[in-house]
Amino acid sequence: MLTTRIAWLIQTGQVSPAGVLAVTFTNKAAREMTARLSAMLPINPRGMWIGTFHGLCNRLLRAHHRDAALPQTFQILDSADQLAAIKRLLKGLNVDDEKYPPRNLQHFINGCKEDGLRAKDVEVVDDYNRRFVEFYAAYDDQCQREGVVDFAELLLRSYELLERSAALRQHYQARFAHILIDEFQDTNVLQYKWIKQLAGPGSAVFAVGDDDQSIYAFRGANVGNMSAFEREFRVPNLIKLEQNYRSHANILECANHLIRNNGNRLGKELWTDAGAGEPVRVHEALSDGQEAHWLIEEAKSLINEGWMRADMAILYRSNAQSRVLEHALFSAGIPYRVYGGLRFFERAEVKHALAYLRLMENPADDTAFLRVVNFPARGIGARSIEQLQDAARMAGVPLHEAVRGLAGGAGAKLGAFAALIARLRGETLGMTLPEAVEHVVERSGLITHYQTEKEGQDRIENLRELVNAAAAFLSDQGVGQDVPASAGVVAEEPILMTTPLAAFLSHASLEAGDNQALEGTDAMQLMTVHAAKGLEFDAVFITGLEEGLFPHENSAQEPLGLEEERRLMYVAITRARKRLYLSFSQTRMLHGQTRYNIRSRFLEELPEATLKWLTPRMGAQRPVWGDPWSGNTLQGDRGRRAAVPDAPMLSRADVQRAQGFDRGLPWRVGQSVAHARFGEGVILGIEGSGTDARVQVNFGRQGVKWLALSVAKLDPVN
DNA sequence: TCGGTTCAGAGTATT
DNA sequence: TCTGAACCGA
C-alpha cells in the first residue's frame, strides 16, 4: 500500500524521489518495497530513503557522525554483542551477577532507550533500581569509549541529534515532503518521537497500521501511538480498510467475532465479497502426537487433491511445539520448512570472522577484541586477559592500547595478536571487499582451526559463504567489484562517505540474514503465529489451541496479556485464504511431563455457525470465576499460578497404576468431567477403591482438586 | 584448554 | 524432555 502511494506521488509529480522517506520494521519489507518501486518507476530507488528505522538511523549517524559525537567507524552491537558488553561491564565493576542479572540489565537499558530516556532522565524508585541506573550510565560510557552503538542507541542517538541541531532538523524536514510508515501499531515510543522530529510543517505523514494486529507489546511496541498520531497530526482522512481480499467470509467472521471480545479497539469489521467458503474445521486429539498424526493425514489428502505444500502452513504458539510436528512430517516423508532459528550473521564462525574485520576497522572495539583475542587459541588464557583488562581500566584506554604496557610472556602473545590485526589491515589495503574478507578468513587462522575440528566442515563452508555474501553485497550496493575495501566511496547520499568494508559491517549487524528456510522445493511451512504475521496461505492449521498454551499461561501475568493473545489468534486466523483448521489436544508433553489441557477459550469465542467439528464436540466450558487472566484467582498465594496449574502431575507409572480399569470405576484418567461448582475438568489420577475412591481433577482455571467419589457429584462430559 | 557432567529453565522477536 | 550455560577435573 505504501508502495502504490509512493509510486502515485512520484508519477503525478507531487514529490521527487529524494523527498520520500518510507520506514518499515524489517529489512525484508524494505527490500520488497524498493524492488516493487524500481519495477514500477523508471527511477533509481537509491535516491529515496526507504529502509528500517535502524537502517535509516545508521545512515543519518554516518552522515553526521561528528555532530552525533561518534567516530566515523562506529560499529553496531547486535543483541548478543550487547549482552557480552554488559557482562564485561559488570565483571569490571565487580558486580554480583546473581543479584544483577546481565539479561535484566540489558532489558532495562533497552527499555529506557526505547522510551527516549538517558540514565540521568530515569526516575529512581529504590536502591535496587538506582544500581540499574548507575550501570546504565556506565554502560553508555563504555560504549562511547569503544566506539560502538547498540540497536536502541541508533534510534536514540539520531533522535537526540535532530533534537539538538535545529539546522539539521530543518534540513531534513524541508527535504522529506512525504513520510510514510508501515506497521504503525508496532512502533515504540522513541520511533514515534523520531518521526515527529523529521516531520516538518510542510510534511505529509502517512501511516498504515492495524491495532488488532498489535502483537509486539512485549518488545516495546506501543499501540497507543496510533491514536496519538491521529490526534497530534490532526489526521484529516482516517481510512478504514475493512474490505478483505484474502479470506473467505467464514474465516473473516471467525476473526471478527473473536476480536470483538477485546476492549480498547479502534474498531473495524472485515468483510469480503468472495463468498462464505468452507466451514472452519475443528479437531480434538487425545495427545499431541495424535494431533500431529491427524494433521498429516489431512495434509496428505489435500496434497492428493492437488494443493501445493507451500500453500499450507502449520502455526503454533511456541517454538517448542514444532518438534512433535516435525517428527511426524519427517516420518511421513512430507517436505517441510521451519521458520526461525539461527541466522547467517549470528553463527559463531561468522561472528568470529566479522570480529577480525571490525577490529581492523576500529581497534577500540573491545567486544570484538575479546571475541577473537584467543580464537583460534593462541595461548592467551583468562588470566592474561584479566591482566590486560585491569591495565586498560587503569589507563582508561581500549584493550589494544593497553597491550603495549604489558610485560612478560602474556605481553608477547598479546603483542603478537595486536600485530596480526595491524598486519591484516595493511595486507588488505588494496584488496576488494570479497578479497579482503577471504584474506582475513584465511590468515586469521579460522579456516585452519575448523579444519582440525570434527564438525568444522559446515563452519568452513559458512566462512566461504561470507566471502560470497561480501561480493553479493557489493553488487547490491552498486559498488564496482574492483573498488578496494577501504577506499572511500560515495554511498546513497552526496554527504555520506564510507568504505565498502564499513558498509558491509553495518549491513552484517543490521541484517542478521535469512532465518526463513530456503525457497525452492514445495514444502509445508511451519512457524509461530508471530512469524506468520504478514503472510498468507491457502490452508492454515492452527494447533495447540489449549488453555495455558494459547492463550499462553505467561501472558496472564501481564496487563492486557489476554487481549494480546487474542490479537495473536486474530492474526493466525486471518492468515488463511480458503481453508482453516483449528486443533487442540487433551494431553501434551511439556517440559517432560504430560499435561492435561482444556481447550482454548478462543474456540468458544468463534461463531458456531462457521465451525465444523471433525470430532464430537464436548460440552461447552462453564463460565468460571477465578480466571488468572482476570487477576482473580482461586489459587491462593502463589500469585503466578497458571491457567492449567503445574500441580502434582502423575508419572507414567502412576498413570498406569491409576487407570482404574480393575476397580470397576466409571472414570478414566484423561476423561472429561463436569462438576457443579468447579465446571469442566479433566481427570488426572485415581486413587483407592470403593468408598475410599478419590479422583484428582484438573479444573483448569479453577485449579486441581482431589474429590472423593462418594461425596462429589461428577458427570461425564462426553 | 578441552571435554565431560550438572543444573536450571523452558513465550512470542526485529534491528 | 531438551537445551544451553556453568563448572570441574585432567
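Fair warning: this is a prediction, and the values are worked out from it, not measured in the lab. A, B, ... follow the sequence lines: proteins, then strands. Residue 1 opens every chain.
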- Glu153(A): partners by salt bridge (charged side-chain N to carboxylate O under 4.0 Å, His left out), with sequence neighbours left out: Lys113(A), Arg118(A), Arg157(A)
- Query: At under 4.0 Å between heavy atoms, what does Asn27(A) touch on the DNA or RNA strands: base, sugar-phosphate, or nothing?
  - Reply: sugar-phosphate
- Item | Selection: residues 215-223 of chain A, any non-hydrogen atom under 4.0 Å of DNA chain B | Tyr216(A), Phe218(A), Arg219(A)
- Measure the distance from CG on Leu590(A) to C1' on dA10(B) and round it to the nearest whole Å. 8 Å
- On a plain distance test, is the side chain of Gln557(A) in donor-acceptor contact with the base of dG11(B) below 3.5 Å? no
- Message: I need the NE2-C1' distance between His530(A) and dG11(B), as an integer number of Å.
- Response: 8 Å
- Looking at residues at least two apart in the chain, or sitting in another chain, which of them share a salt bridge (charged side-chain N to carboxylate O under 4.0 Å, His left out) with Glu605(A)? Arg566(A)
- Query: Checking all strands, does Asp81(A) fall into the base, sugar-phosphate, or nothing category for heavy-atom contacts under 4.0 angstrom?
  - Reply: nothing
- Query: Are Asn554(A) and dA10(B) close enough that a side-chain N or O sits under 4.0 Å from OP1 or OP2?
  - Reply: no
- Message: How many whole angstroms separate atom NE2 of His54(A) from atom C1' of dT14(B)?
- Response: 8 Å
- Task: Can you tell me, in whole Å, how much space there is between the P of dG4(C) and that of dA13(B)?
- Result: 16 Å
- Applying salt bridge (charged side-chain N to carboxylate O under 4.0 Å, His left out), name anything that partners Glu114(A), two or more places apart in sequence or on another chain. none
- Query: So which of residues 314-326 of chain A are in contact with DNA chain B, with a heavy-atom cut-off of under 4.0 Å?
  - Reply: Arg317(A), Ser318(A), Asn319(A)
- Message: So Ser509(A), base contact, sugar-phosphate only, or nothing? Heavy-atom distance under 4.0 Å.
- Response: nothing
- Base dT14(B) to side chain Thr52(A), donor-acceptor N/O within 3.5 Å cut-off: no
- Task: Flag as yes if His591(A) stacks onto the base of dA10(B) (centroids under 5.5 Å, planes under 30°), otherwise no.
- Result: yes
- Result for 5'-nearest mapping on DNA chain B, choosing between His552(A) and Gly379(A), is Gly379(A)
- Task: Please evaluate the base of dG11(B) for a donor-acceptor partner in the side chain of Glu565(A) within a cut-off of under 3.5 Å?
- Result: yes
- Query: Just how far, in rounded Å, is C1' of dT14(B) from NE2 of His107(A)?
  - Reply: 14 Å
- Closest to the Thr528(A) side chain, choosing from dT14(B), dA13(B), dT1(B): dA13(B)
- In whole Å, what separates the P atom of dA5(C) from that of dT12(B)? 16 Å
- For Gln191(A), which contact category applies under a 4.0 Å heavy-atom criterion: base, sugar-phosphate, or nothing? nothing
- Could you pick out which residue, His449(A) or Glu511(A), lies toward the 5' side of DNA chain B when each is mapped onto its nearest nucleotide? His449(A)
- Item | 4.5 Å side-chain heavy-atom contact, Leu154(A) and Leu510(A) | yes
- Task: With heavy atoms under 4.0 Å as the rule, sort Glu346(A) into base, sugar-phosphate or nothing.
- Result: nothing
- Note on the structure: Which of Leu61(A), Asn58(A), Leu56(A) passes side-chain contact (heavy atoms from CB on, under 4.5 Å) with Ser158(A)? Answer is Leu61(A)
- Message: As a test of reading the structure: which of dT1(B), dA13(B), dG11(B) is closest to the side chain of Ser555(A), going by heavy atoms?
- Response: dG11(B)
- Protein-nucleotide distance (Gln185(A), atom CD; dT12(B), atom P), rounded to Å: 20 Å
- Within 45° cone of Phe74(A) ring axis and under 6.0 Å: Arg62(A) NZ or CZ: yes
- Task: Give the intermediate values and the outcome of side chain to side chain contact (heavy atoms under 4.5 Å, CB included) for residues Tyr570(A) and Ile573(A).
- Result: CA-CA 5 Å; Tyr570(A) 176 85; Ile573(A) 291 172; 6.0 Å; no
- Would you kindly give the CG-to-P distance between Asp182(A) and dT14(B), to the nearest whole Å? 16 Å
- Task: Return the value, rounded to whole Å, for the distance between atom CZ of Arg595(A) and atom P of dA10(B).
- Result: 13 Å
- Note on the structure: Rounded to whole Å, the CZ-P distance (Arg383(A) to dT1(B)) equals 11 Å
- Pair Asp458(A) + Arg347(A): basic N to acidic O under 4.0 Å: no
- Message: My understanding is that only residues two or more places apart in sequence, or in another chain, count here; which of them pass side chain to side chain donor-acceptor pair (under 3.5 Å) with Arg265(A)?
- Response: Asp212(A)
- Task: Mind telling me whether His54(A) and Phe151(A) have parallel, tilted or perpendicular rings, with 30° and 60° as the class edges?
- Result: perpendicular
- Query: Are Thr367(A) and Arg358(A) close enough, and set up right, to give a side chain to side chain donor-acceptor pair (under 3.5 Å), and what steps lead you there?
  - Reply: CA-CA 10 Å; Thr367(A) 302; Arg358(A) 272 164 61 161; 5.3 Å; no
